[in-house]
Every structure is written in structure tokens, then in C-alpha cells.
Amino acid sequence: KLLKRRTAGRSESVVAKMGLKNVLISFCVIATGGFLFGYIIGINGNVVTKGQLICPDHWKGPVGTWTSGGFKQCYDFNDWDQGILSSLNLVGAVISSAICFRWADVMGRKKEVQVGAALYFLGSAIAALSPYLWGIYVGFLVYGLGIGFCMHAAPVYIAEIAPASVRGTLVSAKEMVITLGIFLGFAAGAIFAPMEQSGWRFMMIIAAVFACLVEVGIVFIPNSPRWLVLRSLRTSSLLEVDEALASEAKEALAFFRGATAAEIEEEFNVMLSDARDSSAGATSSPGCLETLRYPKPLIIGCGLVFFQQVTGQPSVLIFATDIFKSAGFAGAAALSSVGVGLVKLLATSFTAFKVDQYGRRQLLLWGIAGMILALALLGTAFTFRHVDHGEASIPRGWAIVTVVALMIYVSAYQVGFGPISWLMISEIFPLGVRGSALSTAAMVNFGSNILMTLCQTALMTALTPAGAFFLYMAFAVVSIVFVAAMVPETKGKTLEQIEAEMTRGKARGPYPEASLAPCSSA
């Protein structure tokens, strides 16, 4: 009997490891959508730059126009033209996030990834193969549509398939994959930069290859079991379930958990009970009114992604090269890209592997505190900035301070707001409105990103760089108060327990009784 129990224990352990392996493989496929978001950020500066799409100084050859054709054309872009082309990805992401608001819970997480990967491929292929400028614009916009779908689906999909013990690590690791994409974008830019006027096309083709890998890989991954349970109720009624979808949900759970049949049935019942509670009074595809039924998680989610953008990350990073130059480092452009990218990757790795140990709330507070310190140092240092004949400089001592402050800021952002914001919004929204609520947060995120990008130059001119950094510091102070007052700790809790706390003020037990029989109460 003892031998039999040991053999059974080993067998169950092997099955459980297989389930975790399936979760990790699925994560790699889903997170590649985030990788492609980071990749376009990394190559953007090497695409919309002199020698590629923009004609170099003292260019003697023909200058391309909106309708002129040719694969080795360059264009005379002004600052406004550069800003529009660089922002098209974000514009596309906002549009597709709005589409997700209405249709995400109908499409499902898997189909969102499939659509996003197809749009990534189409966008990169159209841009890379178009001989016309208008086609390049269309390609970048379509690529942005893919960003919206994949960045909406990825955190929810990963959170819904991962066990509670590793959910924080995996959703945070998505941010690490985005950072890796930025890194490889820098690398692709360095490799293809010598190919004047055409190197950027090869950068875009690489994106198309990765998009194909996502499209093929997602075919072999089941739908989210939680989404399947939700659809099984909405296609019939709250008192009955669609047996085919319920069976598919259990098969998906078996794939992702590698558990016994009894354990699968038990977790399925928990999901079913939660889905009934979430769907009570909701329509088959939740809209604005259903989403607003849960103001607390909506305020937390939208607040986090708003403060993530308005605390100055775009502006701080745009000054990275100037900061390194002022400090007297040679090869400032390359050093700033590689140095900042390396620090981002290391800090994000720390967060990914420690978030389930220290908790979301604690890392947010630590990260924002570090950002406040860094912004205070940057603001103070930039008060000593002098501009002489168009060249800006900072005294040597303060220049060193700015380099240290920049690294503190980047590290603090990647410990806190960078990965934790997306992790929190994947956890706190009730199942019944998770798709529409997360798309609302994504629209706030991308919209505030566009706003900060467009207002950045005017803000720097009106307030001076030092004033802008102090303004961002003020936003960071407000954000730390917001987190301390509003954001709960979700470490180690199931999504069902988190939903109970968000909507009813008390946690549900780990496995409440539920069954396929009609509910006697909500």
C-alpha cells in the first residue's frame, strides 16, 4: 500500500509538472505579442531617422512625396510629420482597444491574440513592402491595431490560465518580454542602419516573422477556461450551462493544471460560481453600464495606468542621450540606449521573480518612492542647465548626478508602474466585465501616452525641463498617495477571491461549493 501511494504521488507530481510546462509554453506564445510591442518601440528611432525614412543632411538626391513610388526613397519630415508617424502605432492601439471594449468578451482571449498577430503581420508587411509613403503610414497604423488586441488579451489570458502561486511572476514577466523586444529592436537598428533608405524595411520584416510564430503557436493553445465558463452561461442562462463549452473548459483546465479529475471538477465549480455572480444582470457582451457597476476596480485600474504615463517616463527617456552627453561619456547615443535598456531588463527581471514574494502593493510603493527621488534630483540638476549657441550643458558634478538619477528612475519605474500596473488590471476586474473593463484601462493608458507625447515639447518649452521634472514629481507624489489609499494587495489570492474583495468587501473561501445544478442564490 505504501509503495502504491508513493507511485501515485509521483504520477500526480509528473502530471502537475506537465500542466505547469503547458502554462509556460502558452505564456511564451501569448507574451510574444508584447514582445512585438516592445520591438516597434525599439526600432522606431532607427526607422524615423536621418539615413532611413528621413533624408540625411545635405542630401542631393530626389526627395520622396506622399504619392511618389520607390523602395529607396527618403523624405523631408518636419517635427510634426515625425510625431505623427511615430504615434500611429499608439493611435491604432487606442482604436483596437475601443473595439475590444465591445467585443473582447465575445471573441475570447485566444481569438484576440489570433487577430492581433494577423494585424501585426499585415501591418509590418504593408509597411515593409509599400513603395509609397501613404502605404507606410497605413502599415504602421495596422500594426498599432495589433498592439491593442495583443496587449489587451495578454495580461488577462496569462492571469486566467496561471495558478495563483505564479500568476504575478508570469504577468510581470510579460513586461520583461516587452523590454526584451525593445532590446532586440535596438539591435536590429544597429545591424540594418548601414543600409541607407532601406534598412528599416528589413527591421519590419523581422516583426512579420515573429507575428507568424504567434499565429501558428496560438493554434495549439486552448481558450482560457474562465472565459469558456463565462460563455457557457451567457449562451444559455445563469441557471444552466452550455455542456459543450463546459466540457471544453474542463479540458482546458486539465491542459493548464495537470491535476486529477476531482481537482479539475472542484476548480471548475469555483469558476462557475464566480461566473454566475459576475454575470448576474449583465448582457451577453458587457457595455459601459455593466462596467460601471464596479467603480472601485475601474478607478484603481484606470488610475494606475494614468499615473504610469503622467509621471514622466517618455520625457525622462527622451533626455537620456543629452544626460549622457552632459556627463562627458563618449558614444553617448549607443551608451544611453544599451545602458538604459540593460537597467530596464534587470529591474523588470527582479520584479518578475519577486512580485509573488513581496507583493504588488509593496513594489508599487517602493517603485514610486524611487521615482520621486530620481525626479527631484533631475529637476534640481536641470536648474543648472545652460544653453549656449544651441548647445545645452550641465556642470560636470550635476551631470553625474543626472546619470545616477536616470538609472534610479528607470529601475524604479520597472520595479513599480511598468509591470505592476498591467498585472493589477489583469487581476482586479470581475470576470463578467473583465474584457470591457480592461479595454477601458488600456484606452486610458494609450490615450494618456499619446497626450504626453504630443504635449511633451510644449511642456518643456513652457516650464523648462527642470519645471517639467518637478511637475512629474508632483504627479508621482499624488500617485503614491493614490496607491496607499486605494490599491489592495492581491498576492497569493485566486482571481475569485480578489473579485469577492473588490465587489463585496470580503474574500471567498478557496473552494466554495458549486455545481452544475441551478444556483439557489447569487
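Below, each value reflects all heavy atoms present in this structure, side chains not excepted, and no hydrogens, waters or symmetry copies.
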Can you give me the closest heavy-atom contact between [X] and [Y], atom names plus distance?
X: V214; Y: G33; value: CG2-N, 4.4 Å
X: A162; Y: V23; value: CA-CG1, 4.3 Å
X: A211; Y: A117; value: CB-O, 3.6 Å
X: G217; Y: I221; value: O-CG1, 3.7 Å
X: F482; Y: L304; value: CE2-N, 4.0 Å
X: F27; Y: V177; value: CZ-CG2, 4.1 Å

Roughly how far apart are [X] [atom1] and [Y] [atom2], rounded to 0.5 Å?
X: I99; Y: H152; atom1: CD1; atom2: NE2; value: 11.5 Å
X: C150; Y: F35; atom1: SG; atom2: CZ; value: 13.0 Å
X: I498; Y: T490; atom1: CD1; atom2: OG1; value: 4.5 Å
X: I182; Y: I40; atom1: CD1; atom2: CD1; value: 11.5 Å
X: S96; Y: E112; atom1: OG; atom2: CD; value: 9.5 Å
X: N89; Y: N449; atom1: CG; atom2: CG; value: 11.0 Å

Verify, without hydrogens or angle tests, whether [X] (side chain) and [Y] (backbone) share a donor-acceptor contact under 3.5 angstrom.
X: S421; Y: G418; value: no
X: R226; Y: I161; value: no
X: Q114; Y: E215; value: no
X: S247; Y: A244; value: no
X: T494; Y: Q497; value: yes
X: S426; Y: V156; value: no
X: Y120; Y: A208; value: no
X: E160; Y: S224; value: no
X: N22; Y: F255; value: yes
X: N223; Y: L228; value: no

Min side-chain heavy-atom separation [X]-[Y] under 4.5 Å:
X: F446; Y: V305; answer: no
X: E251; Y: P222; answer: no
X: F429; Y: L298; answer: yes
X: I300; Y: P488; answer: yes
X: L423; Y: K174; answer: no
X: L88; Y: L85; answer: yes
X: V229; Y: F268; answer: yes
X: W422; Y: M151; answer: yes

Derivation of the side-chain hydrogen bond (donor to acceptor under 3.5 Å, both in side chains) call for E175 and T348 = CA-CA 7 Å; E175 183 73 17; T348 309; 5.6 Å; no

ask   = Is the CZ atom of F350 crowded by more than 12 outside heavy atoms at less than 6.0 Å?
value =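 Above 12, so yes.
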
message = I'd like to know if K250 pairs up with E265 as an ion pair, taking the criterion as any Lys NZ or Arg NE/NH1/NH2 lying under 4.0 Å from an Asp or Glu carboxylate oxygen.
response =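 So K250 pairs with E265 through a salt bridge.
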
message = Between K493 and E427 (salt bridge meaning N to carboxylate O under 4.0 Å), is one present in this structure?
response =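 So K493 does not pair with E427 through a salt bridge.
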
L342 vs F183, side-chain contact (heavy atoms from CB on, under 4.5 Å): CA-CA, chis, key distance, verdict = CA-CA 8 Å; L342 179 60; F183 238 146; 4.0 Å; yes

query = Passes side-chain contact (heavy atoms from CB on, under 4.5 Å), V343 versus Q414? Steps please.
reply = CA-CA 9 Å; V343 170; Q414 293 305 133; over 6 Å; no

Worked check of side-chain contact (heavy atoms from CB on, under 4.5 Å) between E499 and M502 = CA-CA 5 Å; E499 177 174 340; M502 286 283 101; 5.6 Å; no

task = Can you label the angle between the W134 ring and the Y132 ring as parallel, tilted or perpendicular, going by 30° and 60°?
result =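 Ring orientation of W134 relative to Y132: parallel.
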
Aromatic ring centroids of [X] and [Y] under 6.0 Å?
X: Y358; Y: W366; result: yes
X: F307; Y: F475; result: no
X: Y39; Y: F210; result: no

Pair Y143-L119, side-chain contact (heavy atoms from CB on, under 4.5 Å): steps then yes or no = CA-CA 6 Å; Y143 192 101; L119 290 168; over 6 Å; no

